[in-house]
Amino acid sequence: MTSRQPIDEPSLDPELVEVDMHLVPPTQPVTGIVTSNEICLRGKSASFVRHVCVDVSGTPLQGAFHAGQSFGIVPPGLTEHGKPHKVRLYSIASPTVGEDGEGRILSTTCKRLIDEHSPQASSEEATRGLHLGVCSNYVCDLAPGDEIRITGPAGKRFVLPKAPERHDFLFLATGTGIAPFRGMVKDLLEGPDGPCKSDIHLVMGAPYTSDLLYDGFFRETADRHPNFHYHTVISREFLPDGRPQGYIHHYLDREIRLHGDLLTRDRALVYICGLAGMQTGVFQAMAKLGIGGPYLKVHEELAGVAPEDWELADIKRRVRPTHRCMLEVY
Ligand SMILES: Cc1cc2nc3c(=O)[nH]c(=O)nc-3n(C[C@H](O)[C@H](O)[C@H](O)COP(=O)(O)OP(=O)(O)OC[C@H]3O[C@@H](n4cnc5c(N)ncnc54)[C@H](O)[C@@H]3O)c2cc1C
């Protein structure tokens, strides 16, 4: 666990907290004990997402994980080919001190993968059944007291800077991409050194209001801390004037006065987490609004092309986040 550094001079490049990684390798998982497993959606929703807490006491993970990192879960049983299941990664939703304040209990935000089965390879036949994700459904079914095989921690780039007071933050989340931001917001505002005074904006995208995750926590935190701003973008609901709310990048476009001011500050950092592909619209919106410079490295082949004309393949290959833009999509 790290303590904050004093502010001396402004810094553009974030020096990220140093973290431990792979203390428990995927080949040798250790055992944690589930302490709670609760729905964390705002209302009745078509998706199923649970906040799951795991006691890692006595394992190398105790006191050794940071908000923003992930940990691994190895589901029990064998694959259809008779091999042990591979490890799946889950973002840590707890603050660096854990849910218990002593680094013993970490948590995650697990969404059940449920879909109509569709062939994944040309050799596979179509069936009319459901595809139920192996690990996510296993985790969502766990009860307090159950054992779970875990690994990690993983990831060193999607973490907070050592000196958060030197920066302002724009956090962009879709779905379970909110998990690391729950931990980070707690680190920033409820940490042992007192609340960080930086501007912190969290934008959460969801299809319906009922799909918002940890909504009560973020609203209460925004009420208590005037420097923390919680914005929701509900893609299948409408603005008061009847226009659709759209996705996060539409929101950035619409609220450019707010976020333009934030993003043009030398001290601002952008963190993006959630559904694979969400960065596409965000990168395009930032470039289109002329505020992408410090956050995006655009290959010269794209330099003369208007961002709205960038093709998906171009963005994937020729637009990279800089050290001031942290990206975790899956
Ligand atoms: C860094 C990182 C962090 C993550 N954090 C989180 C998190 O915080 N919360 C969370 O919920 N998830 C998170 N994930 C995703 C998580 O690791 C798992 O991928 C997810 O839970 C699904 O795993 P599963 O075992 O349930 O699904 P699996 O059983 O592995 O099923 C998924 C696979 O099934 C196949 N499939 C998908 N749809 C169909 C279909 N309709 N028909 C047939 N086959 C299909 C695909 O090949 C797909 O890869 C994260 C991933 C990464 C990489």
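Both counts, for ligands and for their atoms, begin at 1 and track the order of listing.
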Chemist: My understanding is that we take every heavy atom of each candidate and find the minimum distance to atom 21 (O) of ligand 1. Doing that for Phe158, Phe71, Tyr90, which one comes out nearest?
Modeler: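 Minimum heavy-atom distance to atom 21 (O) of ligand 1 goes to Tyr90.
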Chemist: Quick check on contacts: which atoms of ligand 1 are under 4.0 angstrom from a heavy atom of Thr108?
Modeler: 8 (O)
Chemist: For ligand 1, note which part of His117 has a heavy atom under 4.0 Å away: side chain, backbone, both or neither.
Modeler: both
Chemist: When the ring planes of His229 and His231 are compared, do they come out parallel, tilted or perpendicular, using 30° and 60° as the limits?
Modeler: parallel
Chemist: Would you indicate whether Gln28, at its atom CD, is surrounded by more than 12 heavy atoms from other residues, nucleotides or ligands within a distance under 6.0 Å?
Modeler: no
Chemist: If I apply the N/O under 3.5 Å rule, does Asp115 come out as touching ligand 1?
Modeler: yes
Chemist: Report yes or no: do His117 and Glu124 form a side-chain donor-acceptor pair below 3.5 Å?
Modeler: yes
Chemist: May I ask you to decide whether Arg265 forms a salt bridge with Asp261, counting only side-chain N to carboxylate O separations under 4.0 Å?
Modeler: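 Salt bridge present between Arg265 and Asp261.
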Chemist: Anything under 30° is parallel, anything over 60° is perpendicular, the rest tilted; go ahead and classify Phe171 against Tyr271.
Modeler: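 The rings of Phe171 and Tyr271 stand perpendicular, inter-plane angle above 60°.
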Chemist: Could you list the atoms of ligand 1 found under 4.0 angstrom from a heavy atom of Cys110?
Modeler: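 Answer, ordered by atom number: 11 (O).
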Chemist: How far is atom 29 (O) of ligand 1 from the closest protein heavy atom, and which atom is that?
Modeler: Val134 N, 2.8 Å
Chemist: How about Asp55 and Thr35: does a side-chain donor come under 3.5 Å of a side-chain acceptor?
Modeler: no
Chemist: Tell me the contacting part of Glu116 for ligand 1: side chain, backbone, both, or neither, using a 4.0 Å heavy-atom threshold, strictly below.
Modeler: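 Just the backbone.
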Chemist: Between Gln120, Glu124, His131, flag the one that comes closest to atom 33 (C) of ligand 1 by a heavy atom.
Modeler: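 Going through Gln120, Glu124, His131 one by one, His131 has the nearest heavy atom to atom 33 (C) of ligand 1.
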Chemist: Among Gly177, Ser118, Cys135, which one has a heavy atom closest to atom 40 (C) of ligand 1?
Modeler: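 When every heavy atom of Gly177, Ser118, Cys135 is considered, Ser118 comes closest to atom 40 (C) of ligand 1.
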Chemist: Identify, for atom 11 (O) of ligand 1, the protein heavy atom at the shortest distance, and state residue, atom and that distance.
Modeler: Lys111 N, 2.9 Å
Chemist: Would a distance-only check, ignoring hydrogens and angles, find a side-chain to backbone donor-acceptor pair under 3.5 Å from Gln279 to Gly277?
Modeler: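 It does hold such a pair.
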Chemist: Nearest to atom 23 (O) of ligand 1 by heavy atom, Glu328, Gln69, Arg88: which?
Modeler: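 The option holding the nearest heavy atom is Arg88.
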Chemist: Which residue owns the protein heavy atom closest to atom 53 (C) of ligand 1, what's the atom, and how far is it?
Modeler: Tyr330 CB, 3.8 Å
Chemist: Using distance alone, with no hydrogens and no angle criterion, decide if Tyr330 and Ser91 have a side-chain donor and acceptor under 3.5 Å apart.
Modeler: no
Chemist: What's the shortest distance from atom 26 (O) of ligand 1 to any protein heavy atom, and which residue and atom give it?
Modeler: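 Protein heavy atom at minimum distance: Ser136 OG, 2.6 Å.
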Chemist: Could you label the plane-to-plane angle of the Tyr90 and Phe71 rings as parallel, tilted or perpendicular, counting under 30° as parallel and over 60° as perpendicular?
Modeler: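 Answer is tilted, since the angle falls between 30° and 60°.
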Chemist: Tell me the contacting part of Val49 for ligand 1: side chain, backbone, both, or neither, using a 4.0 Å heavy-atom threshold, strictly below.
Modeler: neither
Chemist: Is Glu18 salt-bridged to Lys162, going by a charged N under 4.0 Å from an acidic O?
Modeler: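 The answer is yes: the pair qualifies as a salt bridge.
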Chemist: Strictly inside 4.0 angstrom of atom 14 (N) of ligand 1, do you find any protein heavy atom?
Modeler: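 Within 4.0 Å: yes, protein heavy atom nearby.
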Chemist: Find the distance between CG (Asp253) and CD (Gln284) and round it off to the nearest 0.5 Å.
Modeler: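 Nearest 0.5 Å value for the CG-CD distance: 10.5 Å.
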Chemist: Taking 4.0 angstrom as the limit, do Arg50 and Asp141 come out as a salt bridge?
Modeler: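 Salt bridge between Arg50 and Asp141, a charged N being under 4.0 Å from a carboxylate O: no.
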Chemist: Can you list the atoms of ligand 1 that are under 4.0 Å from a heavy atom of Thr109?
Modeler: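 Listed by number with element: 7 (C), 8 (O), 9 (N), 10 (C), 11 (O).
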Chemist: Please work out which of the three classes, parallel, tilted or perpendicular, describes the rings of Tyr251 and His259, given edges at 30° and 60°.
Modeler: tilted
Chemist: Tell me the protein heavy atom at minimum distance from atom 27 (O) of ligand 1, and give that distance in Å.
Modeler: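 Here the closest protein heavy atom is Gly133 CA, 3.3 Å.
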Chemist: Could you tell me, atom by atom, which parts of ligand 1 come under 4.0 Å of a heavy atom of Ser70?
Modeler: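 Ligand 1 atoms under the 4.0 Å threshold to Ser70: 1 (C).
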Chemist: Considering only the protein, which heavy-atom contact is closest to atom 17 (O) of ligand 1, and what is its distance?
Modeler: Leu89 O, 2.6 Å
Chemist: When you measure from atom 5 (N) of ligand 1 to every protein heavy atom, which one gives the shortest distance, and what is it?
Modeler: Ser91 N, 3.1 Å
Chemist: Considering only protein heavy atoms, which is closest to atom 22 (C) of ligand 1, and at what distance to one decimal place?
Modeler: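 In this structure, atom 22 (C) of ligand 1 has Leu113 CD1, 3.8 Å as its nearest protein heavy atom.
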